[in-house]
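The structure appears right after this line, and notes come after that.
Counting convention: from 1, in listed order, for ligands and their atoms alike. Predicted, not measured: the structure shown is a model, and the values here were computed from it.
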Amino acid sequence: MNLQIKGRVAVVTGGSSGIGFATVKLLLAAEAKVAFCGRDRGRLASADAALREAFPHAEMLPYCCDVLDPQQVGRFAQEVGREFGAVDMLINNAGQGYVAHFDATPHEAWLREAGLKLFGVIHPLQAFLPLLEQSDIASVTCVNSLLARQPEPHMIATSAARAALLNMTLNLSNELIVKGVRINSILLGMVESGQWRRRYQQRQDPVQSWEAWTAELATERGIPMGRLGKPEEAAQALLFLASPLASFTTGAALDVSGGFARQL
Ligand code: NDP
């Protein structure tokens with residue numbers, strides 16, 4: 001299927017690993033120009049090297065930037081504007097979750113989670129909006145979690161912050177569409193990531209394969225598809241919403257949870 005993004009410009013926050021990295025790869029495969037950021041220079045350099053090997057003719061811009069620092073994000077946007085001009089797709093992916101029940105969640109963790117989930121989107125949106133407004137297919141697509149609608153007690157702060165982000169993106173959709181910008185989200189369940197790889201290293205049965213271990217985890221958690229999602233599956237959903245294939249969709253949240261969602 002033609003995603004209609006050849007030669008178009010995408011920005012991916014948290015593009016050096018996991019879902020963000022898979023998204024950058026899909027964008028480059030569709031011949032888009034891609035700028036992506038992360039905080040760790042080493043991880044960014046490794047991602048850049050792997051991408052240049054896979055896509056030797058691609059136009060891309062890796063940039064070291066913390067999305068929680070508005071000055072850094074502002075400089076990132078300036079650099080993207082200088083290098084590529086207008087931005088067609090902003091994909092807000094940077095972040096991580098916080099695992100703890102209420103009685104083990106300190107004040108700072110509540111603030112950190114709320115800050116990360118909201119300002120991780122607010123800062124890039126503020127910085128890139130003038131460049132998005134120059135595009136005729138502008139979109140913002142946010143990685144969110146099913147926790148926004150289906151909270152879990154062992155991730156109480158993340159669940160609350162995810163719900164706030166979902167609320168904000170729906171609210172923003174009316175204001176942004178006046179400027180010609182669509183905004184949508186994906187709601188993830190459990191996706192294979194560094195976090196799960198690290199837990200696998202500590203498994204009780206040393207001969208158990210990754211596939212068997214993740215299948216057991218998925219069954220324990222009640223994921224009907226019986227496995228975790230793959231970063232590429234999250235990336236495909238992001239690309240659909242970001243591309244002109246979703247040109248009449250804004251304010252939407254697309255479930256990517258392997259059937260884990262339990263609301264109408
Ligand atoms: P990874 O840890 O593999 O990737 C996270 C990426 O974000 C890295 O590139 C990381 O680079 C970057 N990043 C993190 N914080 C910042 C920051 N403040 N500024 C800039 N970059 C940052 O995780 P995943 O791919 O699994 O997760 C991607 C998104 O999906 C996250 O928002 C996560 O919360 C969400 N999600 C994931 C789920 C899962 O099961 N995997 C489930 C639900 C939601 P660096 O550390 O170098 O900055």
In the protein, what heavy atom is nearest to [atom], and what distance, to one decimal place, separates them?
atom                    : result
atom 37 (C) of ligand 1 : L188 CD1, 4.0 Å
atom 2 (O) of ligand 1  : S17 OG, 4.1 Å
atom 10 (C) of ligand 1 : S16 OG, 4.3 Å

Can the positive tip of R199 be found less than 6.0 Å from the middle of the six-membered ring of W213, inside 45° of the ring normal?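 Judged by the rule (NZ or CZ under 6.0 Å from the ring centre, within 45° of its axis), R199 is not positioned above W213.
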Using a 4.0 Å cut-off to any heavy atom of [X], which atoms of ligand 1 qualify?
X    : answer
G38  : 21 (N), 48 (O)
D66  : 17 (C), 18 (N), 19 (N)
M190 : 40 (O)

For ligand 1, is [X] a contact, meaning one of its heavy atoms is under 4.0 Å away?
X    : answer
W196 : yes
G229 : no
E192 : no
A47  : no
T13  : no

Regarding [atom]: of the candidates [options], which has the closest heavy atom?
atom                    : options             : value
atom 48 (O) of ligand 1 : K117, R39, R43      : R39
atom 31 (C) of ligand 1 : L44, V143, N93, V24 : N93
atom 33 (C) of ligand 1 : R162, R197, H123    : R162
atom 5 (C) of ligand 1  : G95, P231, G189     : G95
atom 21 (N) of ligand 1 : A161, G115, A94     : A94
atom 20 (C) of ligand 1 : C64, S193, C65      : C65

For E152 and S159: C-alpha separation, side-chain torsions, deciding distance, then whether side chain to side chain donor-acceptor pair (under 3.5 Å) applies. CA-CA 7 Å; E152 302 245 5; S159 298; over 6 Å; no
Do any N or O atoms from the side chain of Q150 and from the backbone of F260 form a donor-acceptor pair under 3.5 angstrom?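 Confirmed, Q150 side chain pairs with F260 backbone.
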Quick one: does any side-chain atom of D255 pair with a main-chain N or O of I186 as donor and acceptor, under 3.5 Å?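 No, because the side chain of D255 does not come within donor-acceptor range (under 3.5 Å) of the backbone of I186.
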Any heavy-atom pair between the side chains of V73 and C65 that's under 4.5 Å?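 The answer is yes, as the side chains (C-beta and beyond) meet within the 4.5 Å cut-off.
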Could you check Q72 against D69 for side chain to side chain donor-acceptor pair (under 3.5 Å), going step by step and ending with a plain yes or no? CA-CA 5 Å; Q72 289 184 29; D69 182 331; 3.2 Å; yes
side-chain hydrogen bond (donor to acceptor under 3.5 Å, both in side chains) contacts in which one or both residues fall within residues 82-105, not counting sequence neighbours: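 For residues 82-105, and leaving out neighbouring residues, the side-chain hydrogen bond (donor to acceptor under 3.5 Å, both in side chains) pairs sorted by first residue read R8-D88, E79-R82, D88-S135.
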Single-linkage hydrophobic cluster, 4.5 Å side-chain cutoff, L254 and L26 together: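 L254 and L26: one cluster.
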Does anything in residues 35-68 pair up under ring pair (Phe, Tyr, Trp, His ring centres under 6.0 Å), and if so which pairs, sequence neighbours excluded?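 The answer is Y63-F76.
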How long is the straight-line distance from CD of Q78 back to CG of L131, given to the nearest 0.5 Å?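 L131 CG to Q78 CD: 9.5 Å, rounded to 0.5 Å.
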Between R227 and E233, does any side-chain N to carboxylate O distance fall below 4.0 Å?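 Salt bridge between R227 and E233, a charged N being under 4.0 Å from a carboxylate O: yes.
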